[in-house]
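Predicted model, so just to flag it, every value in this text is computed and none were measured.
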Amino acid sequence: MKRVVLMFSALALVAAGALAAEFQGYVVDDKCAARQGAKAASEKHADCAASCIKAGAKAVLVTSEGQVYKLDDQAKAAPHAGKKVTVSGELEGETIKVSDIKS
């Protein structure tokens, strides 16, 4: 009985550490995000972000505070270039392991 309780307790702790979080900001290209920071996080930058990502730049998420997060799933991010989004996923270092992106 004690083993079962300990196993479930351990699994609950592991599961709690792996909970997804939500991050809000704009999907922009990594080059402009590095140069402009929070200024790149706007709809004014949408056309530039879309063309740069289409040309091979990496899509990143920039928050209104200027925090830049790498996105592990470029295929999910690319259609949202230049748009304000909510990204669901797990943060590992500076990279979000994307589970979903909603505009």
Side-chain angles (χ1 to χ4, degrees):
M1 180 69 173
K2 288 182 183 179
R3 273 190 189 168
V4 173
V5 171
L6 287 173
M7 273 180 62
F8 281 116
S9 297
L11 287 173
L13 288 173
V14 170
L19 290 177
E22 289 189 343
F23 305 87
Q24 293 185 345
Y26 285 82
V27 175
V28 300
D29 60 285
D30 59 347
K31 294 174 185 169
C32 286
R35 282 194 310 263
Q36 298 179 11
K39 291 180 184 178
S42 74
E43 291 181 12
K44 294 177 186 176
H45 188 71
D47 291 337
C48 180
S51 64
C52 288
I53 291 169
K54 187 175 181 178
K58 298 288 185 189
V60 297
L61 182 75
V62 179
T63 68
S64 59
E65 295 83 26
Q67 177 68 44
V68 178
Y69 295 104
K70 297 175 186 173
L71 301 170
D72 76 331
D73 192 335
Q74 293 292 299
K76 285 183 182 175
H80 300 280
K83 297 178 185 172
K84 187 173 185 178
V85 298
T86 299
V87 178
S88 299
E90 294 178 35
L91 183 62
E92 291 186 3
E94 296 178 356
T95 303
I96 300 172
K97 295 187 82 168
V98 178
S99 59
D100 190 34
I101 301 178
K102 294 181 182 172
S103 295

Output the distance between atom [atom1] ([X]) and atom [atom2] ([Y]), rounded to the nearest 0.5 Å.
{"X": "K102", "Y": "T86", "atom1": "NZ", "atom2": "OG1", "result": "8.5 Å"}
{"X": "K84", "Y": "Q24", "atom1": "NZ", "atom2": "CD", "result": "6.0 Å"}
{"X": "D29", "Y": "Q36", "atom1": "CG", "atom2": "CD", "result": "8.5 Å"}

Between [X] and [Y], what is the shortest heavy-atom contact and its length?
{"X": "A57", "Y": "Q74", "answer": "O-OE1, 4.4 Å"}
{"X": "C48", "Y": "C32", "answer": "SG-SG, 4.0 Å"}
{"X": "A38", "Y": "S64", "answer": "CB-O, 3.8 Å"}
{"X": "K76", "Y": "H80", "answer": "O-CD2, 3.1 Å"}
{"X": "A50", "Y": "A81", "answer": "CA-CB, 3.6 Å"}

Worksheet item: Name the one of I96, V28, I101 that satisfies side-chain contact (heavy atoms from CB on, under 4.5 Å) with L61?
Response: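 With L61 as partner, side-chain contact (heavy atoms from CB on, under 4.5 Å) holds for just one option, I96.
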Worksheet item: Would K70 and K58 satisfy side-chain contact (heavy atoms from CB on, under 4.5 Å), going step by step from the backbone distance to the final call?
Response: CA-CA 8 Å; K70 297 175 186 173; K58 298 288 185 189; over 6 Å; no
Worksheet entry | Flag, side chain of S88 to backbone of S99, donor-acceptor distance under 3.5 Å |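 Flag not set: sc S88 to bb S99 has no pair under 3.5 Å.
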Fill in: Joint hydrophobic cluster, V68 plus L71, side-chain heavy atoms closer than 4.5 Å
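Different clusters.
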Worksheet item: Would a hydrophobic clustering, with Ile, Leu, Val, Met, Phe, Trp and Tyr connected at side-chain separations under 4.5 Å, put V62 with Y69?
Response: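 Per the 4.5 Å side-chain linkage, V62 and Y69 are not co-clustered.
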Discussion item. Could you check whether atom CG of D47 has more than 12 heavy atoms from other residues, nucleotides or ligands sitting under 6.0 Å from it?
Written reply: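 Result for CG/D47: open.
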Worksheet item: Going through the checks in order, is the side-chain contact (heavy atoms from CB on, under 4.5 Å) test met by I53 and V27?
Response: CA-CA 10 Å; I53 291 169; V27 175; 4.3 Å; yes
